[in-house]
A.B. asks: 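Quick one: structure below, then a few questions.
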There are 2 protein chains.
Amino acid sequence: MAARHTDTREEIVRIGTQLIKSHGYNAFSYADISEQLQIKNAAVHYHFRGKEDLLAEVLDQYIDQYQLLKKQLVQLNASATFAMEKFIERYSILVDANSICIIGSIASDYNTLPESVKEKVHQLVTMVLKMVEETLASGKRSGEFQFSETAKTQTLLVMTNLAAGVQLARITGKKDYDTIKRAIIRQLKG
Amino acid sequence: MAARHTDTREEIVRIGTQLIKSHGYNAFSYADISEQLQIKNAAVHYHFRGKEDLLAEVLDQYIDQYQLLKKQLVQLNASATFAMEKFIERYSILVDANSICIIGSIASDYNTLPESVKEKVHQLVTMVLKMVEETLASGKRSGEFQFSETAKTQTLLVMTNLAAGVQLARITGKKDYDTIKRAIIRQLKG
DNA sequence: ACAAAAACTTACTATTTAGTCAGTTATTCT
DNA sequence: AGAATAACTGACTAAATAGTAAGTTTTTGT
């Protein structure tokens, strides 16, 4: 009796992603996944030879998600404000799920990862930063946003506020994250 | 033949600290420590019953270090500018060592830690934030710093910039960290 | 010098983990 | 319906890991 789940492979990726964000990459095993799905260890290995392969797929899906989000924002002809709201929302959701962003999680374990995966992380980070930079630059041109730094620098400031804000929230609570979030918006909105 | 090192206990803490910052808490084992010190596994257990106990000691030492730093800054009658330089310097050193800050590292594994350790992490974070907040507030009073947010909010912004900046540097390189660092100083210095 | 205490080593155990492979069951394609 | 393929299970192995207990060596204090 195979395929007890609509798509086991996708379920594995889903749970893997969740485990990385909640417990950290080096803190979970294939057993954690197989138990949740009520399948055997070997079934996870069937879909993903090793943990690195699973991580690579998780990262690929993030890259896809961001590409899709970008496409949607273009199609909607979304304002820079709306786009930034969407970006920020992703982090707020993490806080409510007692999770942290995948990049922040992986940054901790970065030195234990094989080169191929490091490259994929780099690709994802570069992509997200580029998207936000373009959004901030466009928002400045349209008069929606105001900031004196370059768009690139402002992006680094905003994204580090968000990423570490989510991490901090785990330790000191949601209030600190909310303070950070409001400050970011206040600064951009002048 | 015991005590091959001046103080094995301290060496264990030193290596443990380093491993957490470079590989992550859940990515190292007692074997990593015992091999480096050329002692047996059991010797590490003699000093620290379990990994959590070692982590607790690592955190205690950080708390002590920050208390000492605070004391020194008071004794020197240091300016807010000098104090902030000292705080920021700690993060710059991490970047050069391809490490991340201990709090950022632990944030990833936070949900896998026992309550007693979580409390210690909370204590450390609260302490550091309080110190920086006081420094920023004092710098504002003296006219050294300028910012429109409250000292507490500005602290959250600056510290999340630094913490995530160090994490980002691992992935995209030192340049991004330097950009962030310069922006922080620029903003505070008006 | 010698007893007590501290700092180990030796030698284990139990558990977890990653991973393999041959065989079984289910699905899809023709 | 039957063959091919996909998706598993069962039954392992090898290595890593946390941890313990008993005994040995070293250091410290008297």
Side-chain angles (χ1 to χ4, degrees), chain A residues 1-20 22-59 105-106 108-109 111-118, chain B residues 1-20 22-59 105-106 108-109 111-118:
Chain A
M1 37 132 169
R4 300 226 282 288
H5 305 91
T6 317
D7 193 337
T8 303
R9 194 187 152 90
E10 282 309 298
E11 287 289 289
I12 292 169
V13 176
R14 207 201 79 235
I15 293 171
T17 304
Q18 202 242 307
L19 284 168
I20 294 170
S22 75
H23 288 78
Y25 177 69
N26 282 313
F28 80 92
S29 73
Y30 271 17
D32 295 319
I33 294 174
S34 61
E35 278 161 26
Q36 274 198 54
L37 291 176
Q38 306 212 69
I39 56 178
K40 298 296 159 186
N41 214 340
V44 184
H45 278 287
Y46 170 76
H47 290 286
F48 299 98
R49 185 170 260 279
K51 231 173 141 183
E52 309 160 4
D53 304 87
L54 174 53
L55 178 56
E57 176 63 25
V58 167
L59 292 169
S105 178
I106 288 170
S108 295
D109 305 85
N111 289 339
T112 72
L113 302 177
E115 210 54 42
S116 60
V117 175
K118 283 185 184 176
Chain B
M1 38 134 170
R4 303 225 282 286
H5 305 91
T6 317
D7 194 337
T8 304
R9 196 188 150 90
E10 282 309 298
E11 288 289 287
I12 291 169
V13 176
R14 206 200 81 235
I15 293 170
T17 304
Q18 202 242 306
L19 284 168
I20 293 170
S22 75
H23 289 76
Y25 177 68
N26 282 314
F28 81 91
S29 73
Y30 271 18
D32 295 319
I33 294 174
S34 61
E35 278 162 24
Q36 273 198 55
L37 291 176
Q38 307 212 67
I39 56 177
K40 299 296 157 185
N41 214 341
V44 184
H45 278 285
Y46 170 76
H47 289 287
F48 299 99
R49 186 170 260 281
K51 232 174 139 183
E52 309 160 3
D53 304 86
L54 174 55
L55 178 56
E57 176 64 23
V58 167
L59 293 169
S105 178
I106 289 170
S108 296
D109 305 84
N111 290 338
T112 71
L113 302 177
E115 211 54 42
S116 60
V117 176
K118 283 185 185 175

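Just so we're on the same page: letters track the sequence lines, and every chain starts at 1.
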A.B. asks: Search all heavy atoms of A/Arg49 against all heavy atoms of A/Tyr30 and return the closest pair with its distance.
C.D. replies: C-OH, 4.4 Å

A.B. asks: Of all of residues 43-56 of chain B, which get a heavy atom below 4.0 angstrom from DNA chain C, listed by number?
C.D. replies: B/Ala43, B/Tyr46, B/His47

A.B. asks: How does DNA chain C read in dot-bracket, base by base from 5' to 3', with Watson-Crick or G-U pairs under 3.5 Å and | used when the partner is on another strand?
C.D. replies: ||||||||||||||||||||||||||||||

A.B. asks: Tell me whether the guanidinium CZ or amine NZ of B/Lys51 lies under 6.0 angstrom from the six-membered ring centre of B/Tyr25 and within 45° of its axis.
C.D. replies: yes

A.B. asks: So, for B/Leu113 and B/Lys118, which heavy atoms are closest and what is the spacing to 0.1 Å?
C.D. replies: O-CE, 3.4 Å

A.B. asks: Testing the basics here: between B/Ala27 and B/Asp32, what is the closest heavy-atom pair and its distance to 0.1 Å?
C.D. replies: O-OD2, 4.3 Å

A.B. asks: What heavy-atom pair brings A/Ser105 and A/Gly24 nearest, and what distance separates the two atoms?
C.D. replies: OG-CA, 3.8 Å

A.B. asks: Quick check for you: among D/dG19, C/dG19, C/dC8, whose closest atom lies nearest to any side-chain atom of B/Thr8?
C.D. replies: C/dC8

A.B. asks: Could you tell me which non-hydrogen atom of A/Arg9 sits nearest to which non-hydrogen atom of A/His47, and how far apart they are?
C.D. replies: NH1-O, 3.4 Å

A.B. asks: Both B/Ala42 and A/Ser29 contact DNA chain C. Taking the nearest nucleotide for each, which residue is further toward the 5' end?
C.D. replies: B/Ala42

A.B. asks: How many Å lie between CG on B/Asn41 and P on D/dA15, as a whole number?
C.D. replies: 17 Å

A.B. asks: Given B/Phe48, which partner from the list B/Val58, B/Ile33, B/Val13 fulfils the side chain to side chain contact (heavy atoms under 4.5 Å, CB included) test?
C.D. replies: B/Val13

A.B. asks: Can you tell me how far P of C/dA7 sits from CG of B/Asp7, to the nearest Å?
C.D. replies: 8 Å

A.B. asks: Side chains of A/Asn26 and A/Thr112: any donor to acceptor distance under 3.5 Å?
C.D. replies: yes

A.B. asks: Could you state the atom-to-atom distance from NZ of B/Lys40 to C1' of D/dA21 in whole Å?
C.D. replies: 17 Å

